[in-house]
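For reference, the structure is listed below as structure tokens.
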Amino acid sequence: MTTEQRPVPDAPLVPLHCLRHAEPGPPRLAVLPTGTPVWVCTRHADVRQVLTDPRIGRAPLYAPDAPPITLIPNILDDPDSMLNSDGPEHQRVRRTVQRAFTPRAIARWRPWVASVVEELIDRLEDAGSPAEIIGSYSRPLPVAVISRLMDLDGLDPERLGRWSDHALSATAYTAEQIGTAMREFGHFGFQLITARRKEPGDDLVSSLVQAADQTGGVTEEQLTSLVCGLVVAGHETTMTTLGNALVYLLGEDRAAWARIGADPQAATAATEQLLRTIPLGDSTTFPGMLRRTLAEVEIGGVTIPAGAVVAADSAAANHDPDVYPAGPVDLFAPVGTPSLTFGAGPHHCLGAWLARMELELALHSLARRLPGLRLTAPADAIDWRQGLLTRSPQTLEVAW
């Protein structure tokens, strides 16, 4: 089930900024691939209510009486994860990590992240034109940042990429393949926690272990799930957004590319609009945006019964014409109403400020130093990563 106009089988995939999103309207019934009925919400106000109303949560999706929501479970279906808890339980786990991701905490990382960006561009220039920019820039930047934050410098990037792909698989891997990869990933997370408990350092994992041990109430399974979730989320979404932003800017908006390079404030504004207008994947109803009602609740004038599955279509909500201007996006206009890209309410993405900073610095510095950067092939020739909850270029050839 999807709330977008999706390509027909075997048709070339279009860039994500070209997707047609569902027209905002009252909640309507649809069906998940499992056959489970789902109420799809597309208007900004309705999606925000789904994400903030305490009568609608993630934990009920995994209650004994819950209907199936995925054909093949992935990392988002982990019952021990912070994502799948609500209320006091969720806040107890969240408090162990949220201080590391406040705007003030992230600001302290800015000079170091900027230095990583400049180093990667140095390497890109030294290698010469043409180049493949995903493997040389979009992927290594967030991997370097999350590795430094969690002190994972010894982790093989290919191994990390394999775990991430399996963790966010939709159709790319079998249940057995995902299970094997997630057991390996979980073992890695558990070993990491054990090592930092014995020899704590000045890193996020050590801080999480210390906070969990001091406050209590966080199980070893929850802590392991939290560490693994942060490793994946800390690089996957930034890599995806940066790659898709480059497809748009280098292929369709050369004037914006020049302005982003000339003005850091323009880069900040453009980052916010790109986050709002380019979704992470083809389907806006992936399990991360599913919820289930604890009681009967009215959403957008429609009564949703207790125990119903609800899908928050944030991509459609981010294009709601009653909230945002219709037509071509002005990358440098203030967003006004905050987008729902990072969610809202108790489950608002912890890494939102880190992602913003990385994207802003990555786009500004690259456009400043390589103003003539361009794609070497049309968009319909892009090799896309497929079968995952996110979609971005597998490779992207550029020249300058």
Side-chain angles (χ1 to χ4, degrees), residues 1-6 16-30 32 38-58 61 83 86 237 240-241 244-245 248 268-294 296-304 308-353 355-356 359 389-391:
M1 190 280 300
T2 178
T3 59
E4 297 172 338
Q5 189 71 33
R6 299 194 65 178
L16 293 180
H17 65 268
C18 297
L19 290 176
R20 293 173 54 195
H21 302 285
E23 292 294 329
R28 62 182 183 276
L29 266 176
L32 293 172
V38 58
W39 289 91
V40 180
C41 298
T42 54
R43 293 183 297 206
H44 191 280
D46 297 344
V47 170
R48 182 172 178 80
Q49 180 183 346
V50 172
L51 299 177
T52 58
D53 195 318
R55 298 170 296 175
I56 310 170
R58 282 287 298 178
L61 290 169
L83 173 67
D86 298 309
T237 53
T240 297
T241 302
N244 288 323
Y248 169 68
T268 300
T271 293
E272 208 62 35
Q273 289 286 9
L274 290 165
L275 284 165
R276 177 180 73 85
T277 55
I278 303 179
L280 286 170
D282 291 319
S283 175
T284 57
T285 56
F286 64 84
M289 282 297 179
L290 292 183
R291 302 287 189 274
R292 189 175 180 221
T293 56
L294 289 163
E296 182 178 278
V297 58
E298 182 177 316
I299 304 174
V302 176
T303 299
I304 310 294
V309 177
V310 182
D313 187 343
S314 60
N318 282 343
H319 289 80
D320 188 338
D322 289 337
V323 179
Y324 304 106
V329 62
D330 179 355
L331 285 182
F332 307 104
V335 170
T337 302
S339 77
L340 297 170
T341 299
F342 293 111
H347 286 273
H348 183 270
C349 177
L350 282 166
W353 287 106
R356 285 184 173 100
L359 291 167
L389 297 178
T390 58
R391 175 157 70 85

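FYI, the numbering just counts along the sequence from 1. Excluded from the calculations below are hydrogen atoms, water molecules and symmetry mates; all remaining heavy atoms, backbone and side chain alike, are included. The model shown is predicted, which means the values in this text are computed figures rather than measured ones.
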Calculate, to the nearest 0.5 Å, the distance between atoms OG and CZ belonging to S314 and R48 respectively.
-> 13.0 Å
Within-4.5 Å side-chain heavy-atom neighbours: P279 and L19 = yes
For A344 against L340, the heavy-atom pair lying closest together | CB-CD2, 4.0 Å
Using salt bridge (Lys or Arg N to Asp or Glu O under 4.0 Å) as the criterion, list what pairs up with D86, not counting sequence neighbours.
-> none
Closest contact, heavy atoms only, P24 versus T42 = CA-OG1, 3.3 Å
Nearest-0.5 Å distance that lies between atom CG in L359 and atom OG1 in T268 | 11.0 Å
Could you pull out the closest heavy-atom pair between Q273 and A333, with the gap in Å?
-> NE2-O, 2.9 Å
SG/C349 to CG/L83 distance, rounded to the nearest 0.5 angstrom?
-> 10.5 Å
To the nearest 0.5 Å, how far apart are CG in D320 and OG1 in T337?
-> 9.5 Å
Candidate list L280, T277, N244, T241, test side chain to side chain contact (heavy atoms under 4.5 Å, CB included), partner L16, passing option = N244
Hey, could you give me the CG/CD1 distance between L29 and I304, rounded to the nearest 0.5 Å?
-> 7.0 Å
OG1 of T237 to CG of L389, rounded to nearest 0.5 Å, is 12.5 Å
Are the side chain of R43 and the backbone of G300 linked by a donor-acceptor contact shorter than 3.5 Å?
-> yes
May I ask you to decide if G336's main-chain N or O and Y324's side chain share a donor-acceptor pair within less than 3.5 Å?
-> no
Before giving the answer on side chain to side chain contact (heavy atoms under 4.5 Å, CB included), spell out for R276 and V329 the whole-Å C-alpha distance, their side-chain angles and the decisive distance to 0.1 Å.
-> CA-CA 10 Å; R276 177 180 73 85; V329 62; 3.8 Å; yes
Does atom CZ of R356 have more than 12 heavy-atom neighbours from other groups under 6.0 Å away?
-> yes
When you measure from the side chain of T341 to the backbone N and O of L275, does any donor-acceptor pair fall under 3.5 Å?
-> yes
Testing V309, V302, D46 for side chain to side chain contact (heavy atoms under 4.5 Å, CB included) with W39, which one passes?
-> V302
Is it true that a side-chain atom of R58 and a backbone atom of L290 form a donor plus acceptor pair closer than 3.5 Å?
-> yes
Atom of A30, atom of V40 and distance for their closest heavy-atom approach = CB-CG2, 3.9 Å
For the pair F342 and H348, name the ring-plane relationship: parallel under 30°, tilted 30 to 60°, perpendicular over 60°.
-> tilted
Grab the two heavy atoms, one from V335 and one from E272, that are nearest each other, plus how far apart they are.
-> CG2-CG, 3.5 Å
Do R291 and L51 come within less than 4.5 Å of each other through their side chains, counting heavy atoms only?
-> yes
Nearest heavy atoms of V297 and T293, plus distance in Å = CG1-CG2, 3.6 Å
Going by heavy atoms in the side chains, are E298 and Q49 under 4.5 Å from each other?
-> no
